[in-house]
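Below is one structure, written out as structure tokens; the observations come after it.
Since we're looking at a predicted model, the values are computed, not measured. Keep in mind that the numbers below use all heavy atoms, side chains included, and drop hydrogens, waters and symmetry copies.
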Amino acid sequence: MQLRWVLLGAFPPLIALSALIQEPLLQAACWITGGVALYTAFYAKRAFAAYGLLYLLAVAGVALFVEGKSWIGIFAGWELVSVAAWGLIVQSRPSARAQTVAFLTFAVNRLGDAFWLAAAFSQGRFPEGFLIAGFVKGGLFPFTFWLIQAMYAPAPVSALLHSALLVTLGVYWMVRYPEWGLGIDWGLWGKVAGVSGILAAIGALGSRHPKVILAWTTAAHLAAALRLTAQPVQMEAYLLEHAYLKAALFLLIGLTQKVRVMGPLTMGLSLVAMVLLVGSGAQADEFLLVTEGLVAVSLGKVVGGLRFAWRMERGSEFLLLLPVVLLVGKALAEGPLMPVPVLSVGILVGALIARWKGGWRLDRIFLWLFAGAFWVWGKVGRSMRWLDTQLTHAFDKFGLAFLAVARQAEKVESWASGRGWRAAAHRLRQGLTTLTSEGSPMPYAQALRWGLLITLGGGLIWRLLR
Amino acid sequence: MAAFALNSLWLGPVLAGLVALFLPRRMLLGWLTLQGFAQALLWLYLCIEYRGLGPSYTLEWFRLGGQPVFYALGIHPANLLLVALTILIGHAALFYAFLYVARIRAFVALVYMTIGFAQGVFLAKDVLLFFVFYEASLVPAFLLIYGWGGLGRRAAAVKFALFTLGGSVLLLIGLLWAFVEGGQGGFWEGWRAEPLAWGPWWLMTLGLAVKLPLVPLHSWLGEAHVEADTAISMLLAGILLKLGGYGLLYWVWFQGYTLSLLVWGALSLGYAAAVATGQIDLKRMVAFTSIGHMALVAIGAGAGSPQGTEGAYYQLFTHGLISAGLFAWVGLIEKRYGSRSLRYLVGLLWANPRMQGATVLLFFGAIGVPGMALFISEMLIIWGTGEGAGWAWALAPAASLPLTGVYFLRAYRELAKPTEAIPGPQELLSLPAQEAVIWLLIGLSLLAGLYPKPFLALLAYVGA
């Protein structure tokens with residue numbers, strides 16, 4: 001049993017807490033985290049305490065974000081969710097890839113955070129910073145690449161972070177703090193969001209792995225939500241529905257990956273979730289309709305691609321289904337949902353083309369760009385390390401040159417201050433002795449003659465020159 | 001009593017160090033503990049006594065050019081936290097090194113002298129007195145680096161001394177120039193009344209930026225940190241860099257918005273981040289982290305807004321905690337594995353998850369995630385830059401977020417990589433005292449990050 005009770009025990013207080021909370025996203029966060037904790041208790045095999053702690057950290061992040069009283073508090077919440085994501089990915093799988101993916105998630109999000117901070121402290125002169133940071137955090141196209149990579153994490157982690165808490169924050173600020181968006185040119189950014197959504201939906205259509213498809217549709221849905229900025233009530237409802245249903249779908253995918261079967265109950269649940277999901281966002285907006293249509297086909301591919309069996313193999317699968325039922329039920333209870341028949345047909349079409357092996361990866365180029373930028377930064381780091389060593393050496397050489405000069409100066413000084421004079425006198429004496437001694441090449445008288453001659457000659461020349 | 005406390009704060013450690021030279025070894029630990037508590041109590045007393053301008057002690061020392069030079073000590077918002085930091089880091093370093101360091105009496109004496117003179121630097125209310133203490137602190141620091149550490153410690157110590165002395169010359173010339181120009185109303189209280197003239201400002205900035213340090217005057221730091229013993233690295237990062245930072249913030253950079261500082265700080269930040277990214281030696285990486293974090297101090301001061309200044313002062317404190325912790329951590333790894341190279345230590349945390357907790361907390365502390373102390377000070381600096389210099393400039397300190405994250409998480413990825421070849425011994429060397437020091441610093445960093453109110457209350461009005 002290990003520390004499984006930590007996760008099981010987290011469920012009731014979280015659900016109870018949600019009844020006391022007014023803030024809708026925090027309420028949803030409590031529900032989803034409760035459900036995911038319950039799911040993880042049966043799904044995971046180890047590190048239950050770490051899961052529990054990091055789940056609570058993520059909820060605390062959301063709480064700080066929606067209830068924060070100052071920029072610093074709000075940013076702390078925004079950032080804590082990223083930290084929780086890093087921790088969850090790192091500890092979920094014991095592999096080098098998990099480290100890299102977690103690193104990618106955190107690094108990319110921090111890049112966005114720099115823009116967030118510049119926007120926050122710009123006194124309203126740079127509101128686009130929030131939008132850029134939101135695009136990064138929400139994994140909106142073209143920043144979907146980190147979200148796709150983060151699908152490496154197990155299903156409950158994806159359900160919590162990559163559908164509900166982390167990515168939703170990237171768009172939810174428009175609902176919670178609409179005043180931040182004042183001054184943004186929504187005519188332009190609305191179009192950007194629309195195009196981003198459609199491209200993400202196309203990306204979903206070209207993917208094959210069910211979790212990757214879900215990640216792409218998340219990017220599409222969140223971009224679509226940005227189109228609803230003018231109707232905050234609808235936007236909020238849409239985002240919450242999306243969070244519940246996408247979390248449920250991720251949990252379902254995890255279930256099928258785990259037990260390799262998909263009972264009729266599971267199938268039914270996922271279909272309901274999908275129909276509701278594409279229905280909830282379809283508005284009378286050409287961008288949204290196209291996006292949701294494409295998303296419907298992609299989701300159909302997920303259902304069509306899963307293995308299907310008529311019975312559950314083990315009883316624990318029902319326990320794993322419980323949180324899914326809970327989340328779908330919560331989504332149904334949340335508000336009026338309108339399944340759109342046309343879009344439901346899209347799901348059918350998707351299921352039919354599920355065997356289609358073709359595909360494309362729209363995120364690759366951006367992943368490469370980022371990885372390339374990181375590689376270049378690494379190279380810059382190496383070069384700068386070299387440069388810094390050279391700088392150190394240059395200072396060292398300067399020091400050595402200084403020492404050499406000092407040594408010379410010391411020689412001159414010591415020569416001048418006695419030793420040199422003594423040596424000169426000694427040499428002079430020696431020279432004279434040599435000159436005057438017997439058998440020397442220049443006898444004393446000759447030296448005297450030479451001396452006289454040189455003195456007289458010198459005197460004459462000096463005289464003439466004057 | 002206030003006069004006694006103020007004088008004892010700097011003179012006490014110096015005398016305690018001298019006494020330690022003659023104490024038998026078995027009494028030394030008790031002496032350290034006693035001193036630690038005594039100094040903490042003095043600080044606490046000054047905190048309680050602190051009202052308005054704070055307690056101070058003034059005595060005319062001599063006259064220079066008709067102007068009196070004072071032996072003036074005082075507690076004010078700007079130095080309250082730094083005095084506490086000096087006591088804390090100094091004793092943390094002593095306890096860290098106590099069990100393994102050779103020539104322990106001399107070591108203790110020199111560390112205590114460093115602490116004492118550093119306290120003098122923080123407490124001085126006369127700029128010439130500040131200079132005297134600043135110079136005095138160099139001597140024990142030089143001897144510490146010279147005497148304890150790796151093979152290249154002697155060269156590193158000489159380099160450290162030459163750089164700092166070169167800086168001191170500039171500082172002294174700038175100081176006297178400012179005085180001769182007559183803009184400053186003496187060396188004492190009047191100093192901060194008028195902004196400094198261009199020439200003295202630059203000379204003093206250059207002089208003190210050696211100690212902060214700002215690129216390209218940082219060249220001594222890498223060598224000194226890498227070659228010195230771990231405890232001395234803790235002292236360097238936790239106390240000695242703060243002398244430069246405090247001197248600049250309090251005596252030079254007290255005038256409004258300064259573009260050149262912003263630019264210099266931003267360049268320094270980028271350079272330090274790039275070099276740290278390229279490092280393989282963990283200790284050198286941590287050293288360059290220090291340069292990056294200190295560059296944020298320059299940016300915060302250059303913004304010239306109250307939040308920026310407050311953030312810069314708080315950054316001195318928070319960075320002192322976390323960087324001392326990081327150096328202690330590197331020292332622990334070096335003791336246990338005999339290496340600091342990232343190439344060799346691949347998979348260290350994978351093989352020994354026991355070190356996981358401290359590593360993650362220290363790394364995230366240095367990255368500045370919410371909940372850790374550095375987060376608060378960095379936010380204040382970014383906020384202050386946005387307020388004082390405009391949002392585009394706020395991107396410069398904000399760039400520290402992804403840049404710092406990249407090199408720390410890169411190092412973490414290497415350390416935690418699952419690997420077949422497990423580095424080092426299976427049975428880890430038990431170093432409880434060292435681990436306790438690390439956890440103490442982490443705990444304080446968490447405290448100052450989760451509940452910064454009392455800490456910021458001590459800093460109140462510092463930027464106003």
For the pair K159(B) and D396(A), evaluate side chain to side chain contact (heavy atoms under 4.5 Å, CB included) and give the outcome as yes or no after the intermediate values.
-> CA-CA 8 Å; K159(B) 200 169 180 184; D396(A) 288 352; 2.9 Å; yes
Output the option from [options] having the highest count of non-hydrogen pairs under 4.5 Å with chain A.
| options | result |
| --- | --- |
| H218(B), K417(B), R284(B) | H218(B) |
| Q279(B), R410(B), Q356(B) | Q279(B) |
| P402(B), G386(B), G222(B) | P402(B) |
| L395(B), T385(B), I382(B), L380(B) | I382(B) |
| T404(B), V406(B), L162(B) | V406(B) |

If you define the side chain from C-beta out and look only at heavy atoms, does anything of [X] sit under 4.5 Å from [Y]?
| X | Y | result |
| --- | --- | --- |
| P370(B) | W78(A) | no |
| E79(A) | I367(B) | no |
| T277(B) | M384(A) | no |
| T392(A) | W220(B) | no |

To the nearest 0.5 Å, what is the distance between [atom1] ([X]) and [atom2] ([Y])?
| X | Y | atom1 | atom2 | result |
| --- | --- | --- | --- | --- |
| I280(B) | R382(A) | CD1 | CZ | 6.0 Å |
| L217(B) | L391(A) | CG | CG | 9.5 Å |
| H393(A) | S219(B) | NE2 | OG | 9.0 Å |
| W116(A) | L401(B) | CH2 | CG | 11.5 Å |
| S70(A) | W383(B) | OG | CH2 | 7.0 Å |

What's the shortest heavy-atom distance between [X] and [Y], and which atoms?
| X | Y | value |
| --- | --- | --- |
| F288(B) | D388(A) | CZ-OD2, 3.0 Å |
| W391(B) | S122(A) | CB-CB, 3.0 Å |
| Q99(A) | A416(B) | NE2-CB, 3.3 Å |
| A398(B) | L117(A) | CB-CB, 4.4 Å |

Going by residue number, which parts of residues 268-276 of chain B are within reach of chain A, meaning a heavy-atom gap below 4.5 Å?
-> G270(B), Y271(B), A273(B), A274(B), V275(B)
Name the option with the most non-hydrogen atom pairs under 4.5 Å to chain B; the candidates are A118(A), G73(A), G378(A), G399(A).
->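 Most pairs with chain B among the choices: A118(A).
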Under 4.5 Å, counting heavy-atom pairs only, tell me which of A114(A), S383(A), G77(A) racks up the most with chain B.
-> A114(A)
Passes side chain to side chain donor-acceptor pair (under 3.5 Å), E387(B) versus Q123(A)? Steps please.
-> CA-CA 8 Å; E387(B) 290 278 325; Q123(A) 293 144 338; 3.2 Å; yes
Under 6.0 Å between ring centres, would you say that holds for F103(A) and Y412(B)?
->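 No, too far apart.
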Close aromatic pair by centroid cut-off 6.0 Å: W86(A) and F364(B) |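 They qualify: ring centres under 6.0 Å apart.
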Structural part of W71(A) lying under 4.5 Å from a heavy atom of chain B |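 Neither part.
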Chain B contact via V90(A) - which portion, at a heavy-atom distance below 4.5 Å = side chain
Counting only heavy atoms not in F398(A), do more than 12 sit closer than 6.0 Å to its CZ atom?
->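 Incorrect, the count does not exceed 12.
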Within a reach of under 6.0 Å around CG of L151(B), are more than 12 heavy atoms found that belong to other residues, nucleotides or ligands?
-> no
Quick one: do V369(B) and R110(A) satisfy side chain to side chain contact (heavy atoms under 4.5 Å, CB included)? Show the steps, please.
-> CA-CA 10 Å; V369(B) 301; R110(A) 279 228 133 189; 4.2 Å; yes
Identify which part of Y407(B) has an atom lying under 4.5 Å from any heavy atom of chain A, answering side chain, backbone, both or neither.
->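 Answer is neither: Y407(B) stays 4.5 Å or more from chain A.
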Between F75(A) and F375(B), how do the two ring planes meet: parallel, tilted or perpendicular, split at 30° and 60°?
->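 Rings of F75(A) and F375(B): parallel, as their planes differ by under 30°.
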Spell out, as yes or no, whether a donor-acceptor pair under 3.5 Å connects the side chain of R413(B) to the backbone of T100(A).
-> no
Can you sort out the partners of E23(A) under salt bridge (Lys or Arg N to Asp or Glu O under 4.0 Å), two or more places apart, ordered by chain and number?
-> R176(A)
